[in-house]
Undergrad: 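The structure's right below; bear with me while I get my questions together.
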Number of protein chains: 2
Amino acid sequence: MNPVENHTLDHELGERLATSGFRFTSQRRCVYDVLLQKRDHPTAEEVFQRAKRQMPDISHATVYNCLDALVACGLVRQVQLERGATRYCPNMEEHCHYYCDECGAVFDVALPPEATSMPGPKGFKIDHYEIAVHGFCADCVKKK
Amino acid sequence: MNPVENHTLDHELGERLATSGFRFTSQRRCVYDVLLQKRDHPTAEEVFQRAKRQMPDISHATVYNCLDALVACGLVRQVQLERGATRYCPNMEEHCHYYCDECGAVFDVALPPEATSMPGPKGFKIDHYEIAVHGFCADCVKKK
DNA sequence: CCCTTATTTAGAATGATTCCAATTATTGAC
DNA sequence: GTCAATAATTGGAATCATTCTAAATAAGGG
């Protein structure tokens, strides 16, 4: 990533954080960078491990704090796919997750707009959809 | 519930367990009963508390074992709505969960068949869908 | 009724997340 | 730029959720 892009990203990240009442910190930039660099839906622990490579003193609690801030300001989504650790996803476009119950692989698939148009409980104010499709990926189907 | 219904349910539960290679036990019946009695998407801990009222010696590990067996034989669904404890749902019809991020209430809503018809990754074998709609329930909208 | 083997049990162990109190860093006002 | 106010970070302890373990018990087929 070149310096100009970097600077632009920092600026946008700062704005997003600020409008939700959060401060811009180097840790939050680092955590957001980690998520953008490898979009494989890492757990908080995995984010922590990767962030430590760039920022050796970052702590566990800070990673959770940063992830929560990024979720709260709409830059990152929390993804719950199985019992156990939550995963994080910086793709904010409408999409669903195909999840391989065998190997744990996750595939983002764009959502057709009509997929999210069911009538809900009366008065319910929708914030967002979380659509997970469970099954077996092509590789794991072959192996059986 | 009258004895005849009870007996029928036991029989069906036994068959379902057997066809997946599980044995019928009083603990599994108890856990399944608990889920059927109050369909509020309890966590494993809540199931444990309720099951203990009917079966004081049932253990934590057994509740997890029973829930896993019921999920494996297709009588119960696991539902992941937020960071933290997994919830359990005995409604096996195609439906999605409207989840109030404020108060934690969960509403089952039947799915129109066209909602689950998106093209997925090549070769992916779909097992089932988990659709969660996050937002605020009518009550919580009013309170603000 | 006996045998085999799955299941249950209590408690320890692990994993994921949150809490805490002290320190540090960011931001806005001057 | 300096200062004060306060949000964020830190490391570690604490808590919550789940899994593991080894011994005791119970199902189900023959």
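The sequence lines fix the lettering, A, B, ..., with proteins before strands; numbering per chain opens at 1. Please read all numbers here as calculations on a predicted model, not as lab measurements.
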Undergrad: Atom pairs, N/O to N/O, protein against nucleotides 28-30 of chain D, distance under 3.5 Å?
TA:
residue	atom	partner	partner atom	Å
D/dG28	OP1	B/Phe24	N	3.3

Undergrad: Find which nucleotide of DNA chain D each of B/Tyr88 and B/Ser26 is nearest to by heavy atoms, and output the residue with the more 5' nucleotide.
TA: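 Comparing both residues, the 5'-ward one is B/Tyr88.
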
Undergrad: Grab the NE2-P distance between B/His60 and D/dC16 for me, whole Å please.
TA: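 About 12 Å, once rounded to whole Å.
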
Undergrad: Using a cut-off of 4.0 Å on non-hydrogen atoms, how would the nucleic acid contact of B/Ala85 be classed: base, sugar-phosphate, or nothing?
TA: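 Result for B/Ala85 = sugar-phosphate.
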
Undergrad: How long is the line joining CZ of B/Arg87 and C1' of D/dA17, in whole Å?
TA: 14 Å

Undergrad: So do the side chains of B/Cys66 and B/Val47 get within less than 4.5 Å of each other, counting heavy atoms only?
TA: no

Undergrad: Do you know the tightest heavy-atom contact between B/Phe48 and B/Ser59?
TA: CE1-C, 3.6 Å

Undergrad: So which atom in A/Asn91 and which in A/Arg77 form the shortest heavy-atom distance, rounded to 0.1 Å?
TA: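 Residues A/Asn91 and A/Arg77, closest heavy atoms: O-CD, 3.6 Å.
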
Undergrad: Taking the nucleotide of DNA chain D with the closest heavy atom to each, which residue, B/Gly84 or A/Val63, is nearer the 5' end?
TA: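 Of the two residues, A/Val63 wins.
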
Undergrad: Looking only at the side chain of B/Asn65 (C-beta and beyond, no hydrogens), which of the listed nucleotides C/dA16, D/dA8, C/dT7 gets closest?
TA: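 Of all the options, the side chain of B/Asn65 is nearest to C/dT7.
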
Undergrad: At under 4.0 Å between heavy atoms, what does B/Thr86 touch on the DNA or RNA strands: base, sugar-phosphate, or nothing?
TA: sugar-phosphate

Undergrad: Which atoms form the tightest heavy-atom contact between B/Phe136 and B/Cys100, and what is the distance?
TA: CA-SG, 3.9 Å

Undergrad: Picking from A/Glu45, A/Glu130, A/Glu82, A/Glu46, what satisfies salt bridge (Lys or Arg N to Asp or Glu O under 4.0 Å) with A/Arg87?
TA: A/Glu82

Undergrad: Once you round it to whole Å, what is the distance between C1' of C/dT18 and CG of A/Asp68?
TA: 10 Å

Undergrad: Output the rounded distance in Å from CE (B/Met55) to P (D/dT25).
TA: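 Roughly 16 Å, once rounded to whole Å.
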
Undergrad: Under 4.0 Å from OP1 or OP2 of D/dA26: is there any side-chain N or O of B/Gln27 that close?
TA: no

Undergrad: Among D/dT9, D/dA17, D/dG12, which nucleotide has an atom closest to any side-chain atom of A/Arg28?
TA: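 The closest nucleotide is D/dT9.
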
Undergrad: Give the nucleotide from the list C/dT8, D/dT19, C/dT17 with an atom nearest to the side chain of B/Thr62.
TA: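 Comparing C/dT8, D/dT19, C/dT17 against the side chain of B/Thr62, the answer is C/dT8.
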
Undergrad: How close or far is atom P of C/dT17 from atom CD of B/Gln80, stated in whole angstroms?
TA: 11 Å

Undergrad: With no hydrogens and no angle check, just 3.5 Å: does a side-chain donor-acceptor pair link A/Glu94 and A/His128?
TA: no

Undergrad: Examine distances only and state if a side-chain atom of B/Arg29 and a backbone atom of B/Leu9 form a donor-acceptor pair shorter than 3.5 Å.
TA: no

Undergrad: Grab the CD-P distance between B/Glu82 and C/dT17 for me, whole Å please.
TA: 12 Å

Undergrad: Hey, does the side chain of A/Ser20 reach the backbone of A/Leu17 with a donor-acceptor pair shorter than 3.5 angstrom?
TA: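 Side chain of A/Ser20 to backbone of A/Leu17: no pair is present.
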
Undergrad: Is any side-chain N or O of B/Tyr64 closer than 4.0 Å to OP1 or OP2 of D/dT18?
TA: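 Yes, B/Tyr64 has a side-chain N/O under 4.0 Å of OP1/OP2 on D/dT18.
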
Undergrad: What is the separation between atom CD1 on B/Ile58 and atom P on C/dT7, rounded to the nearest whole Å?
TA: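 Rounded to whole Å, this separation is 14 Å.
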
Undergrad: When you measure from the side chain of B/Arg83, which nucleotide among D/dC20, C/dT17, D/dG12 comes out closest?
TA: C/dT17

Undergrad: Measure CD/A/Glu15 against C1'/C/dT27 and give the value in whole Å, please.
TA: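 Interatomic distance, CD of A/Glu15 to C1' of C/dT27: 15 Å.
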
